[in-house]
Number of protein chains: 2
Amino acid sequence: MATIDDVAREAGVSISTVSYALSGKRSISPSTRLRVEAAATKLGYLPHASARMLAANRSDIIAVTTPLHPDTDQSAHMTFTMEVTKAARDVDYDTVLLVHNDAVEGMKRSAATSLADGIIVLDVDAHDERAVLARQLKCPVVFIGIPADTTGLVCVDLDFEAAAVMAIDRLVAAGRTNIALISHPTETIDRESNFPLRFLHAFEGHAASLGLDAITVNPTEHRAHEAIDAIMTRMPNLNGLVLNTTSDIAGSVSAALAEYGRKVPTDVGVIAAGVTFSTHRFPVPFDTIPLDAHASCTTAVAMLVDLIENHASLPERTLIPPSYIEHGSVTPATVAKTSKAT
Amino acid sequence: MATIDDVAREAGVSISTVSYALSGKRSISPSTRLRVEAAATKLGYLPHASARMLAANRSDIIAVTTPLHPDTDQSAHMTFTMEVTKAARDVDYDTVLLVHNDAVEGMKRSAATSLADGIIVLDVDAHDERAVLARQLKCPVVFIGIPADTTGLVCVDLDFEAAAVMAIDRLVAAGRTNIALISHPTETIDRESNFPLRFLHAFEGHAASLGLDAITVNPTEHRAHEAIDAIMTRMPNLNGLVLNTTSDIAGSVSAALAEYGRKVPTDVGVIAAGVTFSTHRFPVPFDTIPLDAHASCTTAVAMLVDLIENHASLPERTLIPPSYIEHGSVTPATVAKTSKAT
DNA sequence: CTGTTAGCGCGTTCAC
DNA sequence: GTGAACGCGCTAACAG
């Protein structure tokens, strides 16, 4: 409501003095600054958003594209969108949402009209059309997720490869060398969503390099039973299980194992890796290597702001090192019932 | 990149002619309009967002506040946020997200800086601080959800009372008069989230008016077993069940009933009412009276735009009539095993 | 170094 | 169909 004019009048100074006093872009004597600040507070002055955008040639808005694939976990999208928004607010940016069929058109529009200063891309496919677009836009873009070709892009993600290695190493360290992976449903893999494949390949590669004959399964259902059936058939002496899959499937793993008389963690050590959901509410909580939305989004936003404000030159790929959260679902195979490992 | 100046020069007309030709706010002779349009297309002209906002004194942006209560269903939030965004795009508005602790401050900021033309409020509590704020803001606000006091507000929601009545009537029509309601977890009720209470009260009121001694349960867990235990103890001859609860609980109802040897729909007819989730993936899909995010959000956005563009005077409460989707979980009690009802 | 004056950014819209 | 005055804040250039 109040304009910079009102504040200037109230403080008895010129408009530009108000601007400088409030932005701090030039030094102003303490006395006048205080008067200006007092006037601004008194009048509840906040600069008109569009006027500031036009004059400063910046909107302080970040656009977020979140395509909604029917198979992907809605709550995971929500988490990332919210985390980006919170991270953006922490550095004084707002976020506009560019949804699904509007994603590509929205990116163009946002860049062409200078609606947003930069763009965050979520839920990235291996071959994502938004990657092609990002290369032609002069508007800064940061991807959360890694497409197949990262040339000329800036991408942030959990180091899924390291997470897969960490999961195997933890199980092996606990003496569990008959290991299986339940990966994502086939429909997700088929879409070439990028991280399930990265995890799967790293898992198989690391297992092979250790001489383990680990097996992997991609379920078609939304519960674990089918996957566990397949695993138990091929590997009856299973004692380590890695879950890089949906919460529906992970949540029913304990029940599916129980049908074979196998318990977690005594018979089978279980690690959920590269997942956004928490296993707190599961019958048995699992050790988790989280796909930490907070970390990814905070990093991505910080990088985008660096691009916007400093025209920074950033690496194509920034991989966030995995962390390990223990919940007691991986105990040493031989002394499982007696004590914790040393 | 291209400005209105470039288009004017390219088309050989004045700036204002370009503006009128493209906005359609005044009639322009077809020949010049075509030249202007051709020039605009050729140059890929789109008006600079902040310039248009400043000149038109409208941002074509709608703010959406979505506080994140730890107990509420993330995917439900996602659904509503996305539906609002899609509905807004359909009428040429973008959406900015105002998140959680930022919700109240964000509403003030958005209104004071004219960042957004209007505000949509999601996840409304019975006593929501945002209702108080909305009354002082001159910025149009529409609530999706109904707070206790709607004076001076504009609110949209499913008619939960009608949904409760519909659920009971359906069960009664199928000859199922021993009816129980599984309501939301106590933590949600305690927060006075508004709709679970509205549903609960309508359920109890309608049951009483029909002379049924229906019972209601508020679970504390995230699965149905506890609730079913409580119901079966008090009403061993249960034959109708209404679910106005979370997807976790609804999803385990069939299993919990099975522990008492009761099957759906032969022994117990089940209706999920006022819920956002789908029961497609449940072991037995349930008849559903959906809390249709699409309908609510489309209506809310249409009303908000009406407020913004026409300063419309709208009713405090707009209740969306419930609809009923059959999945075969309510069959007549006496002929359940033989045929469908007539 | 502090404060002021003046022009700019880009569309919209009113008056001619 | 056109010229020009806005809308509001930022900032370079200038003066004290």
Side-chain angles (χ1 to χ4, degrees), chain A residues 1-37 39-40 43-61 92 109-117 308-309, chain B residues 1-37 39-40 43-61 92 109-117 308-309:
Chain A
M1 212 60 264
T3 73
I4 198 171
D5 260 313
D6 302 324
V7 179
R9 202 169 310 123
E10 176 77 24
V13 294
S14 75
I15 291 176
S16 61
T17 304
V18 174
S19 180
Y20 286 127
L22 295 181
S23 74
K25 294 199 175 178
R26 252 182 57 177
S27 51
I28 294 287
S29 72
S31 66
T32 54
R33 159 178 301 161
L34 286 176
R35 255 186 312 131
V36 170
E37 283 169 356
L43 301 179
Y45 167 75
L46 285 180
H48 189 94
S50 10
R52 189 171 43 72
M53 290 181 204
L54 181 59
N57 202 27
R58 303 179 51 227
S59 65
D60 287 3
I61 290 175
D92 284 318
R109 184 170 54 84
S110 152
T113 65
S114 302
L115 172 61
D117 296 333
I308 294 169
E309 299 182 358
Chain B
M1 210 63 264
T3 71
I4 199 171
D5 261 313
D6 303 323
V7 179
R9 202 169 308 124
E10 176 76 24
V13 294
S14 74
I15 290 175
S16 58
T17 305
V18 174
S19 179
Y20 286 127
L22 296 180
S23 72
K25 294 198 176 177
R26 255 181 52 178
S27 52
I28 296 285
S29 74
S31 66
T32 55
R33 159 178 299 160
L34 285 176
R35 257 188 308 132
V36 169
E37 283 169 358
L43 301 178
Y45 166 76
L46 285 180
H48 190 93
S50 8
R52 190 169 44 70
M53 289 182 207
L54 181 58
N57 200 30
R58 303 180 49 227
S59 64
D60 286 5
I61 290 176
D92 284 319
R109 186 171 52 85
S110 154
T113 65
S114 302
L115 172 61
D117 295 332
I308 294 170
E309 300 182 357

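A note on names: the letters A, B, ... follow the listed sequences, proteins ahead of strands, and every chain is numbered from 1.
Where S14(B) and L54(B) meet DNA chain D, the nucleotide closest to each residue was compared, and S14(B) sits on the side nearer the 5' end. Between N57(B) and T32(B), the residue whose closest nucleotide on DNA chain D is further toward the 5' end is T32(B).
Remark: K25(A) is not in phosphate contact with dC10(D), judged by side-chain N or O atoms under 4.0 Å from OP1 or OP2. OP1 or OP2 of dG1(D) sits under 4.0 Å from a side-chain N or O of S29(B). Between S19(A) and dC10(D) there is a side-chain polar atom (N or O) within less than 4.0 angstrom of OP1 or OP2.
The listed nucleotides are dC8(D), dG3(C), dT13(C); the one nearest the side chain of H48(A) is dC8(D). Set against dG9(D), dC10(C), dT2(C), the side chain of A51(B) has dC10(C) as its closest nucleotide. You'll find that the side chain of T17(A) is closest to dT4(C), out of dG11(C), dC1(C), dT4(C). When each of dG3(C), dG7(D), dT4(C) is scored by its nearest atom to the side-chain atoms of V13(A), the top-ranked nucleotide is dT4(C). Residue S16(A) places its side chain closer to dT11(D) than to any other of dT11(D), dG1(D), dG9(D). Nearest nucleotide to the T3(A) side chain, out of dT12(C), dG3(C), dG9(D): dG9(D). Closest contact between the side chain of Y20(A) and the listed nucleotides dA13(D), dT13(C), dC10(C) involves dA13(D).
Residues M53(A) and L115(B) form a side-chain contact, since some pair of their non-hydrogen atoms from C-beta on lies under 4.5 Å apart. Side-chain contact between H48(B) and L54(A): present, with at least one pair of heavy atoms (C-beta onward) separated by less than 4.5 Å. Side-chain contact check for E37(A) versus I28(A): every heavy-atom pair is 4.5 Å or farther apart. By the 4.5 Å heavy-atom criterion applied to side chains, R52(B) and D60(B) are counted as neighbours. Using a 4.5 Å heavy-atom cutoff, the side chains of E10(A) and V7(A) are not in contact.
Across the protein-nucleic acid pair, I4(B) atom CD1 and dA4(D) atom C1' stand 14 Å apart, rounded to whole Å. Separating the CZ atom of R33(B) from the P atom of dG1(D) is a distance of 9 Å, rounded to the nearest angstrom. Nucleotide dG1(D) holds its P atom 11 Å from the CG atom of L34(B), rounded to whole Å. Taking atom CG of residue D5(A) and atom P of nucleotide dT4(C), one finds them 13 Å apart after rounding to whole Å. The CZ atom of R52(A) sits 15 Å away from the C1' atom of dG7(D) (whole-angstrom rounding). The CG-P distance, from D60(B) to dC10(C), rounds to 19 Å in whole Å. Atom pair M53(A):CE and dC10(D):P shows a separation of 12 Å (rounding to whole Å applied). Put simply, CG on D6(B) is 13 Å from C1' on dG11(C), counting in whole angstrom units.
Heavy-atom minimum distance, R33(A) versus R26(A): NH2-O, 4.4 Å.
Counting distance only, with no hydrogens placed and no angle test, the side-chain atoms of R26(A) and the base atoms of dG3(C) include a donor-acceptor pair under 3.5 Å.
Residue contacts for I15(B): at a heavy-atom cut-off of 4.0 Å it reaches a base atom on one of the strands shown.
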